[in-house]
Trainee: 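Got a structure for you, questions after.
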Protein chains: 2
Amino acid sequence: MSADRAGQPITMRQVAEAAGVSIATVSYVVNDKKGARIGPEARQRVLDAVKELGFRPNALAKTLSSGSSNFIGLVADAIATTPFAGQIIHGAQDEAWKHGYVLLVANTEGDLAAEEAAISMMLEHKVRGILYSTWYHRAVTAPPALHETEYVLVDCFDTATPAPAVVPDEREGGNVATRLLLNAGHTRIAFVNTTTPSPARSGRLAGYRDALQGAGIAFDPTLVLDAAPEQEGGYAVAGRIRDLGVTGVFCHNDRVAMGLYDGLRELGLTIPNDIAVVGFDNQEVIAAHLRPPLSTVALPHYELGAAGVRVLLGLQEAPTGAPLAISCPPVPRASV
Amino acid sequence: MSADRAGQPITMRQVAEAAGVSIATVSYVVNDKKGARIGPEARQRVLDAVKELGFRPNALAKTLSSGSSNFIGLVADAIATTPFAGQIIHGAQDEAWKHGYVLLVANTEGDLAAEEAAISMMLEHKVRGILYSTWYHRAVTAPPALHETEYVLVDCFDTATPAPAVVPDEREGGNVATRLLLNAGHTRIAFVNTTTPSPARSGRLAGYRDALQGAGIAFDPTLVLDAAPEQEGGYAVAGRIRDLGVTGVFCHNDRVAMGLYDGLRELGLTIPNDIAVVGFDNQEVIAAHLRPPLSTVALPHYELGAAGVRVLLGLQEAPTGAPLAISCPPVPRASV
DNA sequence: TTGAAAGCGCTAACAG
DNA sequence: CTGTTAGCGCTTTCAA
């Protein structure tokens, strides 16, 4: 009955014949065109035929004919390696669908040729625009081909071009994280930052300072340590943390916090009684299941993706000159 | 010069005019058609015009005209929540690209309506076929709409239909994991299985028994425990594990192993000296950064995605009646 | 209220 | 060797 596996797909022409109307009429009722005045009688016959035959409009023909495609491209550099890219995709897709667009995603794993190919492919599919995203917040230089269409940078930015960009508000995030500790009464708080220069590194530090200042606490540079941004880094600074005599620690990310948990435990310290810990990123697998569950600050990847398409579609204004900063909400659990 | 932001995209017609040839000729040289005999002179003029104008063929028009689309749909149920789905996407995409196809991905987060909508969308874009994937190996019942095209199930299977499916070889994986312990000389090995019934639960257990048998060790049912498949589950069984007097433990997954690490440590036991531990899944964030790094077995998500498209395209045979089982390679680290 | 017809950009016979 | 032409499935004036 319907367009099963076998035969060619049903076309409008066939529906028109079955309903005994013209193909134009079918187009009108299928698309529920407003201007069109179709008799209820004819309309019903068309609807019946559509159901009967299992007609699926050909989106490609529609695009070709109407001139405007419903594709939005998303090139990501690390779909595979982190859950973060997944969140961006998810957010972008939900938002795109909401506005009748379909996501064309391409994974490049950082490979330049793949990136080039991905963008070409998207351009050939006449996408409405492209979201160029990275899995961690950083500066990039947009591939030249990108300029052939509209695009917005997601979780990255390019100082050389005035392209719109959407990034997490690292500074506010650092502030929020620190306040998680401050609000619990801690006043002597260490910050385990990362060794690698990045917007996250400087932004979160600035936020940490903002929060202290807001609480009337003097910034003490000896309280900020640098560590490799993984478990190993956190583990390695445990001793120094203890020696600092702090009661709270803000870690650059959840993985560092996880390592710190191990280190602190080996020193006989308990969390949060002896030392309170807060992370950053809200990486579920880790944060939600540490003992005790880690209080942290979420990186708004879903929102980045969603905001990216909104900006691309002109539904949301992006400040010119600077990226649109999306805020990082606190996720309190039990480590403070 | 090229089709920048502003104007309408360049078409073949314009290239033809610029090169002083017919539009058919342009088509031939652009597609490098074999049958076509184009004079080197004309061909060069076309190539020049293409470059000059920045011509990008319209993939949609091409599809419409040639009748065969180059889309492959991938519907995933949890892009956002795990890195696993990302790996499937990555594998599927690499393989698809290799054969000239483009991935149309849709995330459904398990929502039935979204699933329905996603499949419709793909059908309307006349995809060559659809990959229906889940983020963990399980039985599903394929949505009816899927039957309107060719499809293959990835990381899931449907006993009600003879549709091709690609899944991880849980049994062999369990075997491999156990042998990691066996090969290190352990003979009294516990298996912390999950409480939730699934192909993983029964398959890995079967593999565990296979391995023991292969080593001439009698299966002892008291050595297999059930635990919730997260950190908490592993943590909870630490005491019982110690009491069992085993020297090695195979955990149902890496998260359980992570919890067990904590539990064992609290009991004063060290890994791997007092007890060797192996996990399953090879979840990077965790496995690679535990102390000591966790020996585990990898779930072949990338391969699942890749094999899925191969089967879909008829490039690889899938056994009828049963899913194609992809093997799970060992990832030895330092916990054995 | 409906239908005829002219494209959208490209492919693929078929003529020259 | 290269150009003409008839579609692909659909949208959209413009007539009827």
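Values reported hereafter were calculated over all heavy atoms of this structure, with side chains retained and with hydrogens, waters and symmetry mates removed. Note on naming: letters A, B, ... go to the chains in the order of the sequence lines (proteins, then strands), and numbering restarts at 1 for each one.
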Trainee: Assess whether atom OH of A:Tyr101 is packed by more than 12 heavy atoms of other residues, nucleotides or ligands within 6.0 Å.
Mentor: yes

Trainee: N/O contacts under 3.5 Å, protein versus nucleotides 10-13 of chain D?
Mentor:
{"residue": "D:dC10", "atom": "OP1", "partner": "A:Asn58", "partner atom": "N", "Å": "3.0"}
{"residue": "D:dC10", "atom": "OP2", "partner": "A:Met12", "partner atom": "N", "Å": "2.5"}
{"residue": "D:dC10", "atom": "O2", "partner": "A:Ser65", "partner atom": "OG", "Å": "3.0"}
{"residue": "D:dT11", "atom": "OP1", "partner": "A:Asn31", "partner atom": "ND2", "Å": "2.9"}
{"residue": "D:dT11", "atom": "OP2", "partner": "A:Ser27", "partner atom": "OG", "Å": "2.7"}
{"residue": "D:dT11", "atom": "OP2", "partner": "A:Asn31", "partner atom": "ND2", "Å": "3.3"}
{"residue": "D:dT11", "atom": "O4'", "partner": "A:Ser65", "partner atom": "OG", "Å": "2.6"}
{"residue": "D:dT12", "atom": "OP2", "partner": "A:Lys33", "partner atom": "NZ", "Å": "3.2"}

Trainee: Under the ring-ring contact (aromatic ring centres under 6.0 Å, His included) test, which residues partner B:Tyr132, sequence neighbours left out?
Mentor: none

Trainee: Between A:Asp48 and A:Arg43, is there a side-chain N and carboxylate O pair less than 4.0 Å apart?
Mentor: no

Trainee: For DNA chain C, note the earliest and the latest nucleotide, 5' to 3', having some atom under 4.0 Å of a heavy atom belonging to chain A.
Mentor: C:dT1 to C:dG9

Trainee: Please report, to 0.1 Å, the donor-acceptor pairs under 3.5 Å made by any side chain of residues 300-315 of chain A, with sequence neighbours excluded.
Mentor:
{"residue": "A:Tyr302", "atom": "OH", "partner": "A:Asp94", "partner atom": "OD2", "Å": "2.5"}
{"residue": "A:Glu303", "atom": "OE1", "partner": "A:Arg310", "partner atom": "NH2", "Å": "3.3"}
{"residue": "A:Arg310", "atom": "NE", "partner": "A:Glu95", "partner atom": "OE2", "Å": "3.3"}
{"residue": "A:Arg310", "atom": "NH1", "partner": "A:Gln316", "partner atom": "OE1", "Å": "2.4"}

Trainee: Classify the side-chain pair A:Arg56/B:Ser120 by whether it contains a donor and acceptor separated by less than 3.5 Å.
Mentor: yes

Trainee: Using five pairs at each end of the helix from C:dT1-D:dA16 to C:dG16-D:dC1 to define an axis, what is the angle between those two axes, to 10°?
Mentor: 50°

Trainee: Using the test salt bridge (charged side-chain N to carboxylate O under 4.0 Å, His left out), find all partners of A:Glu41 that sit at least two apart in sequence or belong to another chain.
Mentor: A:Arg45

Trainee: Whether the side chain of B:Asp77 engages the backbone of B:Trp135 through a donor-acceptor N/O pair (distance < 3.5 Å, no angle test) should be reported.
Mentor: yes

Trainee: Verify whether the ring centers belonging to A:Phe84 and A:His137 lie closer than 6.0 Å.
Mentor: no

Trainee: Which heavy atom of A:Gly86 sits nearest a heavy atom of B:Ile79, and at what distance?
Mentor: O-CG2, 3.2 Å

Trainee: Taking the nucleotide of DNA chain D with the nearest heavy atom to each, does B:Ser22 or B:Leu64 sit closer to the 5' end?
Mentor: B:Ser22

Trainee: Under a 4.0 Å threshold between the charged nitrogen and the carboxylate oxygen, would B:Glu124 count as salt-bridged to A:Lys62?
Mentor: no

